[in-house]
*Asks:* 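Got a structure for you, questions after.
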Amino acid sequence: MALLSTPLDTFTSTPPVTKAFTISLLVASLGFQYASYTSTTGKPPYLEWLLLYPGWWIYNPWTIVTCVLVEPSVFGLIGGLVFTVPSLRYFERLWGTVETIKFIVIVAVVSNAISLVVNYLESFIFGYPEIFLYGMAYYGTTALQAGFLVAFTQIIPEHQVQLFGFVKARVKRLPMAYVGLSNVMCVLGMQSPWILIQWGWLVSWGYLRFWKKTSADGATLNGTIGAETWGDRSETFAFVHWFPPLVHGPLGKVCDFVYDNAVKLKIVRGHPSADSEGGYMPLSAGGGAGNSRAEAERRRAMALKALDQRMANTAGSNTASGSRPPQPANGEQPAPTHKRSN
């Protein structure tokens with residue numbers, strides 16, 4: 001009878017990047033919260049060493065990466081442990097260690113860098129450097145959360161989830177719902193850290209669309225299945241499909257213009273099977289809801305197959321090599337051996 005896995009078994013079976021990220025998140029966040037609680041001023045000392053302040057980052061450049069591991073609030077830490085860590089574990093098994101590290105670093109660093117530029121522009125246009133440069137800090141895993149929602153949309157867009165026990169939604173609707181929440185919070189004056197959601201959405205989509213190493217059949221096992229390609233150029237993952245059909249026409253033209261110039265400047269790779277937006281085809285060119293759903297289901301099946309194969313390979317590597325006798329390559333049964341009696 002199979003036994004329930006213990007916490008130690010779960011920890012042991014967790015991939016290395018997920019394990020390191022979880023430990024770092026717990027140590028940094030709990031340490032920050034403890035320092036805030038015990039500080040006489042209500043804030044821990046040397047904040048600029050832990051969080052990303054636009055005015056101080058040039059003196060503490062490491063904070064553009066390490067601030068991702070700090071959640072100053074208990075609710076933020078719970079959100080990171082409940083969603084970010086399981087998502088990271090899932091995609092590390094699907095993508096592999098190297099691709100997972102690249103995804104984390106690219107989404108986190110580029111999102112934080114865009115926020116720095118925005119804050120400097122705000123300080124230049126509106127003034128108030130004490131607010132935009134030295135009074136506003138960026139932190140947490142919100143950009144990564146948006147990035148993982150985009151990644152789930154790429155592989156299982158039609159999968160339906162239940163939120164809060166009664167709200168049902170398809171996975172492909174979740175990223176824009178999160179971005180919408182970000183817009184509301186930014187309008188209410190809480191730019192940090194909510195604006196990171198918008199940059200995480202854009203950066204992760206761009207990376208998965210144009211730069212992530214994949215294989216020709218859609219699998220992502222470090223490029224080991226099928227011919228090596230770059231990005232996901234399928235129609236269902238085109239940028240216009242994040243928005244209502246009403247704006248697909250004008251937005252598609254803007255996407256075509258941006259993509260054509262990006263290819264000319266060698267920012268992104270051209271795709272031989274498409275003439276617009278890196279694989280986006282006009283809605284009238286044999287597309288439609290039926291083909292979109294079929295493509296989504298195909299990618300979902302490919303992702304699940306790749307994940308199953310990776311988990312099977314991992315389980316096989318943990319099995320003792322001598323547990324079963326080796327089988328000949330030609331399929332013949334090995335000759336019986338006779339014990340010699342003395």
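One is the number of the first residue; the rest follow in order along the sequence.
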*Asks:* Distance from Y90 atom OH to I155 atom CD1, nearest 0.5 Å?
*Replies:*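 Answer for the OH-CD1 pair, Y90 versus I155, is 3.5 Å.
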*Asks:* Please say whether more than 12 non-hydrogen atoms of neighbouring residues, nucleotides or ligands are located less than 6.0 Å from CG in L188.
*Replies:*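 Correct, the count exceeds 12.
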*Asks:* What's the spacing between W230 CH2 and K213 NZ if we round to 0.5 Å?
*Replies:*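 Answer rounded to 0.5 Å: 4.5 Å.
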*Asks:* Any link between I114 and L121 through a network of hydrophobic side chains (Ile, Leu, Val, Met, Phe, Trp, Tyr) touching at under 4.5 Å?
*Replies:*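 No.
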*Asks:* Looking only at heavy atoms, what is the nearest atom pair of L50 and T66, with distance?
*Replies:*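 Here L50 and T66 meet closest at O-OG1, 4.3 Å.
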*Asks:* Over 60° means perpendicular and under 30° means parallel, so tell me whether F83 and F148 are parallel, tilted or perpendicular.
*Replies:*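 Answer is perpendicular, since the angle exceeds 60°.
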*Asks:* Can you tell me which residue among L251, V254, V247 is in a side-chain contact (heavy atoms from CB on, under 4.5 Å) with V240?
*Replies:*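 That would be L251; it is the only one of L251, V254, V247 passing the side-chain contact (heavy atoms from CB on, under 4.5 Å) with V240.
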*Asks:* Which atom pair, heavy atoms only, marks the closest approach of L30 to L77?
*Replies:*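 So the minimum-distance heavy-atom pair works out to CD2-CD2, 3.7 Å.
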*Asks:* Is a side-chain N or O of S123 found less than 3.5 angstrom from the main chain of N119, in a donor-acceptor match?
*Replies:*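 Answer holds: no.
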*Asks:* Would you find a donor on one side and an acceptor on the other, under 3.5 Å apart, between the side chain of S29 and the backbone of L69?
*Replies:*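 Side chain of S29 to backbone of L69: a pair is present.
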*Asks:* Would you say V82 and I23 are hydrophobically clustered, going by side-chain heavy atoms of ILVMFWY under 4.5 Å?
*Replies:*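 Unlinked, V82 and I23 end up in two clusters.
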*Asks:* Under the 3.5 angstrom rule, does the side chain of W62 hit a backbone N or O of W49 as a donor-acceptor pair?
*Replies:*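 The answer is yes, because a donor-acceptor pair under 3.5 Å joins these two groups.
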*Asks:* Is any side-chain heavy atom of C186 closer than 4.5 Å to a side-chain heavy atom of Q198?
*Replies:*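 Counting from C-beta outward, C186 and Q198 do come under 4.5 Å.
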*Asks:* Between K172 and F152, is there a side-chain heavy-atom distance shorter than 4.5 Å?
*Replies:*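 Side-chain contact under 4.5 Å: no.
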*Asks:* Locate the shortest heavy-atom distance separating V70 from A28; write the atom from each residue and the value.
*Replies:*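 Looking at all heavy atoms of both residues, the shortest contact is CG2-CB, 4.1 Å.
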*Asks:* Any side-chain heavy-atom pair from V65 and V105 closer than 4.5 angstrom?
*Replies:*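 No. Closest side-chain heavy atoms not under 4.5 Å.
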*Asks:* Under a 4.5 Å cut-off applied to non-hydrogen side-chain atoms, are T100 and F103 in contact?
*Replies:*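 No, side chains not in contact.
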*Asks:* For residues V161 and V150: do they belong to one hydrophobic cluster (side chain heavy atoms under 4.5 Å, members Ile, Leu, Val, Met, Phe, Trp, Tyr)?
*Replies:*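 They do share one cluster, since a chain of ILVMFWY contacts under 4.5 Å joins V161 to V150.
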*Asks:* Do R89 and E92 meet the salt-bridge criterion of a basic N to acidic O distance under 4.0 Å?
*Replies:*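 Looking at R89 together with E92, the answer is no, because their closest N to O distance does not fall below 4.0 Å.
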*Asks:* Hey, what do you get for CG (N60) to CG (L52), rounding to the nearest 0.5 Å?
*Replies:*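 It is 9.5 Å, given to the nearest 0.5 Å.
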*Asks:* I'd like to know whether F243 forms a side-chain contact (heavy atoms from CB on, under 4.5 Å) with M176, so could you lay out the CA-CA distance, the side-chain angles of the two residues, the decisive distance to 0.1 Å, and finally the verdict.
*Replies:* CA-CA 8 Å; F243 300 91; M176 294 310 291; 4.2 Å; yes
*Asks:* If I take atom CE from residue M136 and atom CG from residue L51, how far apart are they, to the nearest 0.5 angstrom?
*Replies:*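 Reported to 0.5 Å precision, the distance equals 13.5 Å.
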*Asks:* If only atom types and distance count, is the side chain of Q33 paired as donor or acceptor with the main-chain N or O of E71 below 3.5 Å?
*Replies:*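 It does hold such a pair.
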*Asks:* Taking all non-hydrogen atoms of both residues, which atom of P175 and which atom of T153 are closest, and how far apart?
*Replies:*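 Heavy atoms only, the tightest pair is CG-OG1, 3.2 Å.
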*Asks:* Can you tell me which residue pairs pass the ring pair (Phe, Tyr, Trp, His ring centres under 6.0 Å) test with a partner in residues 112-134, sequence neighbours excluded?
*Replies:*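 Qualifying pairs: W56-Y134.
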*Asks:* Just verifying a value: how many Å separate S115 OG and W199 CH2, rounded to the nearest 0.5 Å?
*Replies:*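 Answer for the OG-CH2 pair, S115 versus W199, is 7.0 Å.
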*Asks:* Take V107 and Y207 through the side-chain contact (heavy atoms from CB on, under 4.5 Å) test and state the conclusion after the steps.
*Replies:* CA-CA 8 Å; V107 173; Y207 175 66; 5.7 Å; no
*Asks:* Check the hydrophobic clustering (I, L, V, M, F, W, Y; side-chain heavy atoms under 4.5 Å; chains of links allowed) and say if V258 and I267 are grouped together.
*Replies:*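 No: no chain of side-chain contacts under 4.5 Å links V258 to I267.
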*Asks:* Might you point out which heavy atoms bring Y53 and G135 nearest each other, and give the distance in Å?
*Replies:*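 Taking Y53 first and G135 second, the nearest heavy atoms are CE2-C, 4.3 Å.
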*Asks:* Once rounded to the nearest 0.5 Å, what's the spacing between atom NZ of K168 and atom CD of Q160?
*Replies:*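 CD of Q160 is found 5.5 Å from NZ of K168.
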*Asks:* Please verify the inter-ring angle class for F239 with W201; under 30° counts as parallel, over 60° as perpendicular, anything in between as tilted.
*Replies:*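 Judged by the thresholds at 30° and 60°, the geometry between F239 and W201 is parallel.
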*Asks:* Closer than 3.5 angstrom, by distance alone: can the side chain of R209 be matched with the main-chain N or O of S204 as a donor-acceptor pair?
*Replies:*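 Not at all, since once roles are kept as given, no pair shorter than 3.5 Å links the two residues.
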*Asks:* Under 6.0 Å between the ring centres of Y139 and F32?
*Replies:*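 No, ring centres 6.0 Å or more apart.
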*Asks:* Which heavy atom of N112 sits nearest to which heavy atom of I64, and what is that distance?
*Replies:*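 So the two residues come closest at ND2-O, 2.8 Å.
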*Asks:* Would Y138 and Q191 count as a side-chain contact (heavy atoms from CB on, under 4.5 Å) if you check the C-alpha gap in whole Å, the side-chain angles of each, and the deciding distance to 0.1 Å?
*Replies:* CA-CA 9 Å; Y138 291 98; Q191 177 176 320; 2.9 Å; yes
*Asks:* Among residues two or more places apart or on two chains, list those pairs meeting side chain to side chain donor-acceptor pair (under 3.5 Å) that have a residue in residues 74-83.
*Replies:*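 Listed once each, the pairs would be none.
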*Asks:* Between T141 (side chain only) and L144 (backbone N and O only), is there a donor and an acceptor less than 3.5 Å apart?
*Replies:*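 Absent.
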*Asks:* Applying the 4.5 Å side-chain criterion to the ILVMFWY set and letting contacts propagate, would V117 and I58 be lumped into a single cluster?
*Replies:*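 In one cluster with V117: I58, no.
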*Asks:* Determine, stepwise, if the pair D232 / L208 fulfils side-chain contact (heavy atoms from CB on, under 4.5 Å).
*Replies:* CA-CA 6 Å; D232 180 356; L208 294 173; 5.8 Å; no
*Asks:* Where the side chain of S182 meets the backbone of W194, is there a donor-acceptor pair that is under 3.5 Å apart?
*Replies:*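 Yes; at least one donor-acceptor contact below 3.5 Å.
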